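In what follows, a single structure is set out as structure tokens and then discussed.
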Amino acid sequence: MKLTIDHEADALYLSLSEAAAATSQEVAPGIVVDFDAAGHAVGIEMLHLSRCAPDADIQRLLFERIPLAG
């Protein structure tokens with residue numbers, strides 16, 4: 001998994017797989033999900049990042065793991 005922020009394009013891309021995208025679908029305004037040929041999600045793009053998340057601190061990322069139940 002890889003997160004890429006493109007300041008010039010004002011976009012964020014979360015790569016979920018190394019598989020090539022075959023199709024894309026805008027699931028909400030400015031949110032695009034890429035799918036491989038088998039229909040599996042391989043990436044998520046957020047367009048207009050500065051407008052969608054104006055208070056986001058893109059210099060600081062916080063990763064949290066939720067423990068498995070059980």
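All of these numbers come straight from a predicted model, not from anything done at the bench. The analysis underlying the following values was restricted to heavy atoms, covering all of them including side chains, and did not include hydrogens, waters or symmetry mates.
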> Under the side chain to side chain contact (heavy atoms under 4.5 Å, CB included) test, which residues partner Ala41, sequence neighbours left out?
Replying inline: Leu16, Val33, Phe35

>> Looking at every heavy atom in both Ala37 and Ala22, which two are closest together, and how far apart are they?
In response: N-CB, 3.6 Å

> Does some side-chain heavy atom of Asp34 sit less than 4.5 Å from a side-chain heavy atom of Tyr13?
Replying inline: yes

> Met46 pairs by side-chain contact (heavy atoms from CB on, under 4.5 Å) with which of Ile31, Val32, Ile5?
Replying inline: Ile31

>> Could you measure the distance from the CD atom of Glu45 to the CD atom of Glu26? Nearest 0.5 Å is fine.
In response: 10.0 Å

> Say you draw a straight line from NZ of Lys2 to CG of Leu14; how long is it, rounded to the nearest 0.5 Å?
Replying inline: 11.0 Å

>> Other members of the hydrophobic cluster containing Ile66, with the 4.5 Å side-chain heavy-atom rule, please.
In response: none

> Residues two or more places apart in sequence or in another chain: which of them pass side chain to side chain contact (heavy atoms under 4.5 Å, CB included) with Ala38?
Replying inline: Asp36, His40

>> Could you see if Leu12 belongs to whatever hydrophobic cluster contains Ile44? Use Ile, Leu, Val, Met, Phe, Trp, Tyr and a side-chain cutoff under 4.5 Å.
In response: yes

> Are any side-chain N or O atoms of Asp10 and backbone N or O atoms of Ser50, one a donor and one an acceptor, separated by less than 3.5 Å?
Replying inline: yes

